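Heads up, the thing below is written out as structure tokens.
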Amino acid sequence: MRCHVKLAVVGLGAMGQNHSRVASEVGILAGVVEPAQDLAARTSKALGVPAYSALEELPPDVDGVIIATPTATHATLTLKALASGRHVLVEKPIAPAAADARKMID
């Protein structure tokens, strides 16, 4: 049985590359989000998925995102993804401050 979930990975550092590879291997990677155009283009080509420079560019059929960006950006990106109706897996630490984490949980 094939899973019909579509995920995008946000951030293509070391962990983002790992998440992208695994999601691609199991057939659920719908795209990658990375502002560094050269890195985004290389990963897009290698994995055969579209690249986007911002979370807001993702098409509406993407069900969820894996956020693998610097910790300082976790809360902002998670809240944007949740506001767009997407499921979120965010790398640890979830946020730089407990107050940010509470906002994300709420």
Side-chain angles (χ1 to χ4, degrees):
M1 179 178 213
R2 187 139 180 113
C3 183
H4 297 286
V5 172
K6 293 182 178 183
L7 296 180
V9 174
V10 181
L12 293 175
M15 288 309 298
Q17 290 288 331
N18 287 336
H19 286 298
S20 297
R21 179 184 48 77
V22 172
S24 177
E25 288 173 359
V26 298
I28 61 173
L29 185 64
V32 293
V33 179
E34 171 60 51
Q37 291 180 352
D38 57 333
L39 178 56
R42 283 195 313 271
T43 304
S44 171
K45 183 177 179 181
L47 299 177
V49 296
Y52 305 94
S53 61
L55 185 65
E56 297 82 5
E57 296 175 8
L58 287 175
D61 66 338
V62 173
D63 303 303
V65 296
I66 299 172
I67 297 177
T69 58
T71 302
T73 65
H74 285 182
T76 300
L77 291 171
T78 297
L79 291 170
K80 282 183 185 179
L82 291 171
S84 71
R86 293 189 169 93
H87 300 280
V88 177
L89 182 151
V90 61
E91 273 293 325
K92 61 185 180 188
I94 189 171
D100 291 329
R102 282 189 206 97
K103 287 179 195 174
M104 294 161 68
I105 292 165
D106 289 341

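Just so it is clear, the model here is predicted, and its values are computed rather than measured.
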Tell me the closest heavy-atom pair linking V88 and A81, and the distance in Å. CG2-CB, 3.6 Å
Shared ILVMFWY cluster between L55 and V90, side chains joined below 4.5 angstrom? yes
Minimal non-hydrogen separation, V62 against A30, with atom names: CG2-CB, 4.1 Å
Are L58 and V33 packed together at the side-chain level, in the sense that at least one heavy-atom pair is separated by less than 4.5 angstrom? yes
Measuring from atom CG of D63 to atom CD1 of I28, what distance do you get when rounded to the nearest 0.5 angstrom? 9.5 Å
Check: L7 and I66 side chains under 4.5 Å, non-hydrogen atoms: yes
Looking at S24 and S20, would you say the former's side chain and the latter's main chain have a donor-acceptor pair under 3.5 Å? no
Atom NZ of K103 and atom CG of L79: how far apart are they, to the nearest 0.5 Å? 8.0 Å
H74 side chain to P96 backbone, donor-acceptor under 3.5 Å: no
Name every donor-acceptor pair, under 3.5 Å, that has one atom in a side chain of residues 35-50 and the other anywhere in the protein, sequence neighbours excluded.
| residue | atom | partner | partner atom | Å |
| --- | --- | --- | --- | --- |
| T43 | OG1 | Q17 | NE2 | 3.1 |
| T43 | OG1 | L39 | O | 3.0 |
| S44 | OG | V49 | O | 2.4 |

Point-to-point distance, once rounded to the nearest 0.5 Å, from CD1 of I67 to OG1 of T78: 3.5 Å
So which atom in G16 and which in V9 form the shortest heavy-atom distance, rounded to 0.1 Å? O-CG1, 3.6 Å
Heavy-atom pair with the smallest gap, counting every atom of G31 and Y52: CA-CE1, 4.3 Å
In terms of heavy-atom contacts, A95 and M104 come closest through CB-SD, 3.9 Å
Given the rule that I, L, V, M, F, W and Y join up when any side-chain heavy atoms are under 4.5 Å apart, are V65 and V22 in one cluster? no
K6 bridged to D61 by N-O distance under 4.0 Å: yes
Do K92 and T71 have side chains that get closer than 4.5 Å, going by heavy atoms? no
